[in-house]
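What follows is a single structure, written as structure tokens, with notes after it.
What you see is a predicted model, and the numbers here were worked out from it, not measured in a lab. Any value given below was found using the heavy atoms of this structure, including those in side chains, with hydrogens, waters and symmetry copies removed.
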Amino acid sequence: MYLYSFRLISLCSFKGGEEKCRRAWAQICEISRTEFHKVYQRLGVHLEEKGESFYNPYIPGVIEGLTKQGLVEESQGARVIFIEGINIPLIVVKNDGGFNYASTDLAALWYRLNEEKAEWIIYVTDVGQQQHFDMVFKAAKRAGWLPQGDNYPKASHVGFGLVLGEDGKRFRTRNTEVVRLVDLLDEAKNRSKAALIERGKGEEWTEEEIEIGYGAVKYADLKNNRLTNYTFNFDQMLNDKGNTAFYLLYAHARICSIIRRSGKDVEEVKNKGTLVLEHKDERDLGLHLLQFAEVVEEACTNLLPNVVCDYLYNLSEIFSKFYSNPECKVIGSDKETSRLLLCEATAVVMRKCFNLLGITPIYKI
């Protein structure tokens, strides 16, 4: 993952090498980096930083190479690449001789393909930049950097919709200011912590376990199709019922509790036990568990995290139906070993889902 590049300084002046601009840019980068780190730290995100300026030395060579291939043409004083099916050209050198976003994005794409040998490059921005990246990718295919079709190596743009407030407009504070993500995350953490302490969990849970609000925010965002807008609601995302992180984390913890209460060594059960799915609810749960690999493949192929969320929620519901059925009693039944294996398999798959979504599981309720 790459740190967002900073485009607050005139690209023409900066790329021209003016020392004053470089000093200002460096200062802005450091201030921004410090603030971004606060968010990344809360989300558990680790970055390999290559800012936009990293690719500046490669731009002239990349533009020259595209020109030699006959892709770059003169148009109204600028140098552009015409893309079939799009009525505006991709400007790679402005009419004043300066470079722009397209110049940098092409250089970055060339570097990632040729120097880093990337097989799949994914750009995550708002949907408004879809056309820009579509043009960049098509230019790269014309240049032979990327193959035609959907073969590897490939580049994809992942657009996302807006987060809305209760009024149906872009999510803002009461003072109409844009909500800072770091403040939103801290508010979720504080609210979830207060709710858990109120339920008497303050003394028996560790500090890490009790601060699960970050996971609630992540899940509330990821469970929606990334292309659609959704309404942000603290009360809904922190609810322990319904399709929320709280409900799913509790469901996982409940399964872990069942295994602990059995008094059995789960590793020994896995080594010596046999899984037998005779009841319909057992078979339904087993079949759903078998679909996990297909779900992960679908989510990765289409770049849709909500597919994993849907699967995880359905898994919790199917397990609940199985466990609440008196005919599927686990502890103390003559099929205890088999059903403990089914419980363990469910917990393992749930943890895999949490890991994919960047959510830390809890193990007790």
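- When only modelled atom types and interatomic distance are considered, D105 and Y55 share no side-chain donor-acceptor pair under 3.5 Å.
- Using a 4.0 Å cut-off between a side-chain N of Lys or Arg and a carboxylate O of Asp or Glu, E282 and R339 qualify as a salt bridge.
- Counting only distance, with no hydrogens or angles, the side chain of T104 and the backbone of E52 share no donor-acceptor pair below 3.5 Å.
- Formation of a donor-acceptor pair under 3.5 Å by the T301 side chain with backbone atoms of E298 is not found in this model.
- Salt bridge annotation for K50-E116: present, with a cationic side-chain nitrogen under 4.0 angstrom from a carboxylate oxygen.
- To the nearest 0.5 angstrom, F99 atom CZ is 9.0 Å from N56 atom CG.
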- [ ] Could you check Y311 against H288 for ring pair (Phe, Tyr, Trp, His ring centres under 6.0 Å), going step by step and ending with a plain yes or no?
- [x] CA-CA 9 Å; Y311 172 84; H288 194 73; 4.3 Å; yes
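- Remark: aromatic rings of F137 and H157 are distant, center separation not under 6.0 Å.
- Under 4.0 Å is where a charged nitrogen must lie from a carboxylate oxygen, and between D186 and R42 at least one such pair does.
- The existence of a salt bridge linking R33 and E30 is confirmed by a sub-4.0 Å separation between a basic side-chain nitrogen and an acidic carboxylate oxygen.
- Of the possible polar contacts, one joining the H252 side chain to the I362 backbone as a donor-acceptor pair under 3.5 Å is found.
- Between Y219 and F246, the distance separating the two ring centers is not shorter than 6.0 angstrom.
- Checked for salt-bridge contact, R191 and E187 meet the test: a charged N lies under 4.0 Å from a carboxylate O.
- Note on K329 versus E336: no salt bridge recorded, every NZ/NE/NH1/NH2 to OD/OE distance being 4.0 Å or above.
- With salt bridges taken as basic N to acidic carboxylate O contacts below 4.0 Å, none links K138 and E84.
- K335 and E278 are joined by a salt bridge, as a carboxylate oxygen and a charged side-chain nitrogen come within less than 4.0 angstrom of each other.
- Remark: the E317 side chain and the Y247 side chain contain an N/O donor-acceptor pair separated by less than 3.5 Å.
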